[in-house]
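Below is one structure, written out as structure tokens, with a few remarks after it.
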Protein chains: 2
Amino acid sequence: MSKESEVFRRYIERNNLKMTKQRELILETFLFSRGHVSAEELYQTLIEKDPAIGLATVYRTLSLLCDAGLAQQRHFGDGQTRYEHDFEQGHHDHLICVNCGKIQEFFHPHIETLLEQVVADHNFTIQNHRVELYGLCPDCQK
Amino acid sequence: MSKESEVFRRYIERNNLKMTKQRELILETFLFSRGHVSAEELYQTLIEKDPAIGLATVYRTLSLLCDAGLAQQRHFGDGQTRYEHDFEQGHHDHLICVNCGKIQEFFHPHIETLLEQVVADHNFTIQNHRVELYGLCPDCQK
DNA sequence: GTGGATGCAAACGATTTGCAAGCAT
DNA sequence: ATGCTTGCAAATCGTTTGCATCCAC
């Protein structure tokens, strides 16, 4: 039983919700999928394991996972919402290939520090931030 | 006649398109609106000047302005696409208030330099980037 | 048994598209 | 006259919601 599964169970219990086999399957599949999945992509993977599962359930469960702190929404240029689960490994930013869609994560402590400074200079209190670089990945530069 | 209007006319001509009073009105209104407008917001302003104008035309013209290099799409958290026209004044990033929606622009040369370095380190060729900080603006911190 | 969870289909909001009519060239 | 552009309505896409049924507690 994974740590995330434990966290989710506690969240479920604390809020008087119920653990179902769909929720278990969705969490498991979500955790297994590396990177940044959209609801639709996750759904496509899920129907192979449970053809009866509904897209609405995927959306509802992803929303639950966000509330539980196990997932985080991300919006990159295309119209879709993507969900990330490995953000706990520590904050990171993204390099996105505009050709193949590959997403490369990176972390640069100095940039983070400077961003904090910008926020302070403008008297904002920060909640979160995003830094996204769009371009061509090494493979797509031809 | 503004510089942008000139650029637009050239673009129209070069692509064998036609200049219409709707396109003129939309460009003019778009340029006048400071900041980051959504198609719907622009449309609301426009129907006061020309009640017959269609929302589809607004979308089509904004798309044209993007192609002509006079506008740029931006996606902030909410579901709407926003259009920016003053990005030519030089690149800048955004501080967004999650409470009142105010958008404060800023520019920090050192951050830009570091981002270029990150891109180089990963062998990407950059096209553009965005840095967005979400939090509470001074007014909303109560 | 009861209330939350499901799958489906319908509803939704933002954006796009097909079409007949209008207007710039 | 030609064909790009318009406004309208219908279509589309991603996401949410209503509802009857189902299932975890």
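Below, chains carry the letters A, B, ... as their sequence lines are ordered, and counting in each starts from 1.
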Original post:
In whole Å, what is the span from the CD atom of B:Glu41 to the C1' atom of C:dA14?
Top reply: 13 Å
Original post:
OP1, OP2 of C:dA14 versus side-chain N and O of B:Thr81: anything below 4.0 Å?
Top reply: no
Original post:
Taking the side chain of A:Ala56 as its heavy atoms from C-beta onward, which of C:dA5, C:dC8, C:dT17 lies nearest to it?
Top reply: C:dC8
Subject >> Exam field: side chain B:Ser63 to backbone B:Tyr59, donor-acceptor pair closer than 3.5 Å >> reply: no
Original post:
Would you say C:dT6 has OP1 or OP2 under 4.0 Å from some side-chain N or O of A:Arg23?
Top reply: yes
**OP:** Please state how far atom CD1 in A:Ile26 lies from atom P in C:dA5, giving the value in whole angstrom units.
**Re:** 12 Å
**OP:** Find which nucleotide of DNA chain C each of B:Lys21 and B:His75 is nearest to by heavy atoms, and output the residue with the more 5' nucleotide.
**Re:** B:His75
Subject >> Side-chain donor or acceptor of A:Glu41 paired with backbone N/O of A:Ser38 under 3.5 Å >> reply: yes
Subject >> Nearest-Å distance for atom pair CG/P, residues B:Leu25 and D:dG7 >> reply: 10 Å
Original post:
Rounded to the nearest Å, what distance is computed from the OH atom of residue A:Tyr43 to the C1' atom of nucleotide C:dC8?
Top reply: 10 Å
Subject >> Residue closer to the 5' end of DNA chain C, B:Gln73 versus B:Ile12 (nearest nucleotide) >> reply: B:Gln73
Original post:
Which nucleotide sits closest to the side chain of A:Leu17: C:dT15, D:dG7, C:dG4?
Top reply: C:dG4
Original post:
C:dG7 phosphate, OP1 or OP2: any side-chain N/O from A:Gln22 under 4.0 angstrom?
Top reply: yes
**OP:** Please state how far atom CG in B:Asp50 lies from atom P in D:dG7, giving the value in whole angstrom units.
**Re:** 7 Å
Subject >> Nearest-0.5 Å distance that lies between atom NZ in B:Lys21 and atom CD1 in B:Ile53 >> reply: 7.0 Å
Original post:
Quick one: B:Arg82 CZ to C:dA14 C1', roughly how many Å, whole number?
Top reply: 12 Å
Original post:
Taking the six-membered ring for Trp, are the ring centroids of B:Phe30 and B:His85 within less than 6.0 Å of each other?
Top reply: yes
Subject >> Value in whole Å for how far the P atom of D:dA9 lies from CG of B:Leu55 >> reply: 13 Å
**OP:** Could you identify which residues of residues 57-67 of chain B place a heavy atom less than 4.0 Å from some atom of DNA chain D, listed by residue number, or say none?
**Re:** B:Thr57, B:Arg60
Subject >> Stepwise side chain to side chain donor-acceptor pair (under 3.5 Å) test for A:Glu132 and A:Tyr134 >> reply: CA-CA 6 Å; A:Glu132 289 157 19; A:Tyr134 295 86; 2.7 Å; yes
Original post:
What residue among B:Arg82, B:Gln80, B:Arg74, B:His94 forms side-chain hydrogen bond (donor to acceptor under 3.5 Å, both in side chains) with B:His36?
Top reply: B:His94
**OP:** Would you mind classifying the nucleic acid contact of A:Ser38 as base, sugar-phosphate or nothing, using non-hydrogen atoms under 4.0 angstrom?
**Re:** nothing
**OP:** Hey, which sits more toward the 5' end of DNA chain D by its nearest nucleotide, A:Lys18 or A:Gln80?
**Re:** A:Gln80
Original post:
When you check the side-chain N and O atoms of A:Glu84 and A:His92, is any donor under 3.5 Å from an acceptor?
Top reply: yes
Original post:
Starting at OH of B:Tyr11 and ending at P of D:dC4, how long is that distance when rounded to a whole Å?
Top reply: 14 Å
